[in-house]
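Written out below as structure tokens is the structure these notes cover.
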Amino acid sequence: MQIYLPIAEMTVNVFLILGMGGAVGFLSGLFGVGGGFLMTPLLMFIGVPPAVAVGTEANQIVASSVSGVLAHMRRGNVDFKMGAVLTVGGFAGSGLGVWLFSFLRSIGQVELVISLSYVVFLGFIGGFMLWESLPGVLQRKSGQAPISPEQRGAGRHTWIHGLPFKMRFNRSKLYISALLPLAVGFVVGILAAIMGVGGGFIMVPAMIYLIGMPTQVVIGTSLFQIIFVTANTTFLQATFNQTVDVLLALLLLLGGVIGAQIGARIAAKLKSEQLRSLLALIVLGVALRLAFDLIITPSDLFSIREALP
Amino acid sequence: MKAVVALLAAFLNAPAMAQTAPLVADVSEHMVAIRSDFAGQDVLLFGAIDAPGDIFVIVKGPPTPFVVNKKNRVGPIWINTEQTRFDDIPSFYHAATTRPAEEFVPEALATRFQVGLKNLRIEPEKASSEDATPFRDALMRLKVASGHYQPEIGSVQMMSDRLFRTNLHFPTNAPTGTYIVEVYLFRDGAVASAVIVPFIISKLGLGADITEFAKNYAAIYGLISIALAVAAGWAASAAFRRV
């Protein structure tokens with residue numbers, strides 16, 4: 001069954017979009033990740049213009065984060081105060097990101113920057129995760145608690161603790177400068193707007209290793225702030241670039257929620273080390289694929305686009 | 001189709017008509033609607049002439065500015081480094097003739113009326129003519145690849161030297177807007193008559209409403225998109241919690 005997407009201006013097969021939503025939803029349920037980093041390149045791969053892929057995916061992530069955060073809220077795993085501070089930084093960052101996106105689009109470099117961002121961040125994070133899941137590393141860690149306070153830097157005194165505007169975050173048991181989460185939120189906000197992702201895959205490690213938050217509140221708090229940052233991105237992309245295809249987002253959503261539920265149920269039966277190394281391989285695979293496309297000689301050196309008025 | 005021919009024959013029998021118009025032409029539909037199930041469409045162009053002659057038809061899509069980028073190697077990766085802008089290029093081009101154009105259209109007229117892709121006027125915005133040639137060729141090639149430009153001149157079928165018809169195909173990705181269909185009657189190497197038929201491709205139904213709304217009320221559209229997403233996320237969570 002074919003359907004015409006009004007903003008993307010293309011005809012697609014409904015079942016292809018539902019299937020993509022389902023497959024990425026399945027993976028995100030399985031691994032507990034947002035899935036934006038898989039969906040945005042996939043949308044571009046089937047011919048959705050990059051600008052529409054990024055804007056629409058931000059809209060879809062709003063939905064998946066809402067359904068995710070509700071589950072974490074029931075268990076009390078959201079630090080709202082930390083989430084609020086991250087969101088403030090994220091708003092400013094995504095604002096700058098959308099502006100940068102418009103600018104890059106006008107000079108014809110937006111695809112390059114999207115691809116480069118993916119290669120750098122996915123390559124780095126995938127490589128790190130794979131290294132961590134290696135048998136030797138696992139054995140060394142197996143006796144320890146998941147991540148000790150020392151490891152996540154809670155007891156460390158560095159220049160970070162000398163920063164002003166200290167705030168107390170009760171849920172995270174932290175007393176740190178508000179500038180730190182503001183900066184983290186800001187940087188991730190920029191990337192989220194440009195890459196069409198929620199940014200969880202950068203936010204989560206930053207929260208653990210940079211801010212020093214306890215692991216059990218990290219996912220919930222990250223999802224909480226992702227809702228607001230992607231909502232802001234959706235609003236700005238829709239307003240200034242007109243690149244949010246609500247029909248496409250709804251179709252992806254429909255497949256996504258079902259896939260995510262199935263994935264989450266299967267994840268409960270698998271070992272977490274297996275999951276981590278599998279996710280690392282997928283992340284690295286996406287990064288390598290995009291890097292390959294940047295490096296090989298393109299089949300056509302020329303490309304054409306409608307000039308913006 | 002038979003009804004159309006019968007109708008035309010009736011028209012031709014009207015003596016006043018035959019005397020005043022050497023060429024009449026029309027399309028089977030003046031508007032192609034892009035609805036949510038749009039999968040391309042064929043439109044029939046038909047017409048009649050008062051005495052033997054040759055017909056050529058040119059369909060031009062709404063004029064649009066295009067930018068052509070060229071990638072070059074920078075370090076290990078390929079980056080868009082050169083670009084040329086072309087203003088007001090037909091976004092769609094399709095030509096058809098009763099017999100090969102060289103046989104009845106003189107060179108000068110072929111250039112003037114832009115018969116066939118090789119005669120299509122595509123001028124870069126800045127008049128730096130020489131280095132623009134590869135960009136012009138690329139534009140042409142990519143428009144052909146996208147199905148917007150027809151690489152070969154199509155054929156117009158003539159029936160008993162009076163009635164003619166040709167099929168115009170519009171693919172799924174056909175640009176929206178007002179098209180111009182030009183029909184020329186040639187006799188003895190000169191244009192004996194010409195008719196211009198306007199023609200519109202437009203989004204209609206839900207898709208059109210969404211596009212209009214997204215453009216005119218961009219901020220509200222953004223807010224509605226967010227509200228829909230929040231509602232969908234909440235509904236999904238609520239639905240699966242009970243399972």
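Using a 4.5 Å cut-off on side-chain heavy atoms (C-beta onward), A/Ser115 and A/Leu112 make no contact.
By the 30° and 60° cut-offs, the orientation of the rings of B/Phe170 relative to B/Phe199 is parallel. Relative ring orientation between B/Phe113 and B/Tyr184 is described as tilted, the plane-to-plane angle lying within the 30° to 60° band. Between A/Phe103 and A/Trp99, the angle of the ring planes stays under 30°, which puts this pair in the parallel group of the 30/60° scheme.
For a residue to count as touching a neighbouring chain, one of its non-hydrogen atoms must lie under 4.5 Å from one of that chain's; by this rule B/Asn173 does not touch chain A. Proximity to chain A is limited to the side chain of B/Arg141, based on heavy atoms less than 4.5 angstrom apart. Contacts between A/Leu5 and chain B at a heavy-atom distance below 4.5 Å are absent for every atom of the residue. Both the backbone and the side chain of B/Ser225 have a heavy atom closer than 4.5 Å to some heavy atom of chain A. Using a 4.5 Å cut-off between heavy atoms, B/Ile224 makes no contact with chain A at all. In this structure, chain A has heavy atoms under 4.5 Å from both the backbone and the side chain of B/Ala214. For chain A, no part of B/Phe86 is nearby; none of its heavy atoms comes within less than 4.5 Å.
Between chain B and the options A/Gln109, A/Met1, A/Met10, heavy-atom pairs under 4.5 Å are most frequent for A/Gln109. Of the listed residues (B/Leu139, B/Leu142, B/Ile89, B/Asn72), the greatest number of heavy-atom pairs within a distance under 4.5 Å of chain A belongs to B/Leu142.
Within the structure, the side-chain hydrogen bond (donor to acceptor under 3.5 Å, both in side chains) test picks out the following pairs touching residues 7-26 of chain A (sequence neighbours left out): A/Glu9-B/Lys203.
The backbone N or O of A/Val98 sits nowhere less than 3.5 Å from a side-chain atom of A/Gln237 that would complete a donor-acceptor pair.
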